[in-house]
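Counting starts at 1 for both ligands and their atoms, following the listed order. Residue numbers run from 1 in the order of the sequence given.
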Amino acid sequence: MKNIIKITKKSGIPLIGTMYFGIMDRSTNILEIRPTTLCNINCTFCSVAAGPKSTYNNDFVVEESYLVEELKKILDFKSTPMDIWINPQGDPTVYPDLVALIEDCRNLKNVKNIIIITNGMLLTKEKIDAYKKAGLTQISLSMNAFSSKKAKELADIPKYDIEKIRKVAKYAASQLKLVLTPVYLKNTNEDEIDSIIKFAKEINATITIQNFLHNRKGRNPVSQQSWKKFLNQMKDWEKKYNIELLKVGKIEKTKLLPKVAKKGQVIEVDIVMDGKFIDEKIAVFQGRNIVVYGAKRLGKAKIKIVRASHNLYFGKLIKGT
Ligand code: SF4
């Protein structure tokens, strides 16, 4: 049984620095916000191995008001219109405060589009209405199969009901922007994607197909398809169905939040809690989180930064706990 760690303002744990929770800034016009790592299904290809069958140690849930407060500071710093992607390493519809989160984001200055990325299993017409009223612009729906048998197999949960999701998707497309985002798995769901493309056209949804990518800590049921083969298949489908399948929105550069450490630097940190995986702890340093490997206990420690990009930090224990 996994633990659920609540990240509250009172905890003093910053919301920038790790991909697990909080806010991610890659110096573009997109801010990704990650309120939870919890997910309700077990996709066989999940890049972060989430869901009831996950075997890592800890999940994280962030206090809604704290997330919004920190987001506001970043938006003020950016001082340019930004898109907010509610894109956790889990599913946003599992987060109990999702409506409040959308509404509070909508009320912040410089927020343009608000997007959720979801598997759709918990979507209902009522929820879509509530999200829309709160200010949601787009739902990105990861529909990876069309037939009931394959959909259940890929979601790895018997109660996954693709027929219900199809109905709700049709409604979502009539209310706001809907993007279907199937992951294309080699020798697994080619026929299904054919049907998903036809469905997207029928309901007036956009579709963006993603190549399955191998992830060291994710679930990898098949090998990664070469980019050449993937792109050739996309071209074939685009021609066959007269549709664009790799469309991405306009991405613009924005100023990056100040970085607090660089690769190779040795720093003193406070190790404050366990990480997601058994071999990780989370440390705090100058308002940022750092995922630390090799530490056994909490407390003061000396670490070496082994990776630092876009304000995401990873370190290795040198001395201390
Ligand atoms: S819905 Fe997303 S987070 Fe959940 S198991 Fe599937 S891929 Fe992973």
Student: Could you give the side-chain donor-acceptor pairs of residues 10-19 under 3.5 Å, partners two or more places apart or in another chain?
Tutor:
unit_1: S11; atom_1: OG; unit_2: T8; atom_2: N; d: 3.4
unit_1: S11; atom_1: OG; unit_2: T8; atom_2: O; d: 2.5
unit_1: S11; atom_1: OG; unit_2: I13; atom_2: N; d: 3.3
unit_1: T18; atom_1: OG1; unit_2: Y20; atom_2: N; d: 3.0

Student: Restricting to under 2.8 Å, identify the protein N, O or S atoms around atom 6 (Fe) of ligand 1 as residue plus atom.
Tutor: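 Within the sphere that stays under 2.8 Å of atom 6 (Fe) of ligand 1, the protein atoms of type N, O or S are C43 SG.
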Student: Going by heavy-atom distance to atom 3 (S) of ligand 1, choose the closest among A49, P88, G90.
Tutor: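 Shortest heavy-atom distance from atom 3 (S) of ligand 1: G90.
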Student: Write out all pairs satisfying ring pair (Phe, Tyr, Trp, His ring centres under 6.0 Å) with one or both partners inside residues 31-62, taking only residues at least two apart or from two chains.
Tutor: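 Every ring pair (Phe, Tyr, Trp, His ring centres under 6.0 Å) pair that includes a residue of residues 31-62, provided the two are not neighbours, is F21-F60, Y56-F277.
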Student: Answer yes if the side chains of Y171 and D129 hold a donor-acceptor pair under 3.5 Å, and no otherwise.
Tutor: yes
Student: Could you check whether T37 and D59, counting side-chain N and O atoms only, form a donor-acceptor pair closer than 3.5 Å?
Tutor: yes
Student: Let me check something: any side-chain donor-acceptor pairs from residues 146-156 under 3.5 Å, sequence neighbours excluded? List them with distances.
Tutor:
unit_1: S147; atom_1: OG; unit_2: K150; atom_2: N; d: 3.4
unit_1: S147; atom_1: OG; unit_2: E192; atom_2: OE1; d: 3.3
unit_1: S147; atom_1: OG; unit_2: E192; atom_2: OE2; d: 2.9
unit_1: K150; atom_1: NZ; unit_2: E153; atom_2: OE2; d: 3.2
unit_1: K150; atom_1: NZ; unit_2: T188; atom_2: O; d: 3.4
unit_1: K152; atom_1: NZ; unit_2: P158; atom_2: O; d: 2.8
unit_1: K152; atom_1: NZ; unit_2: Y160; atom_2: O; d: 3.1
unit_1: D156; atom_1: OD1; unit_2: K53; atom_2: NZ; d: 3.1
unit_1: D156; atom_1: OD2; unit_2: K53; atom_2: NZ; d: 3.1

Student: Establish, from distance only, whether the side-chain atoms of N40 and D91 form a donor-acceptor pair under 3.5 Å.
Tutor: no
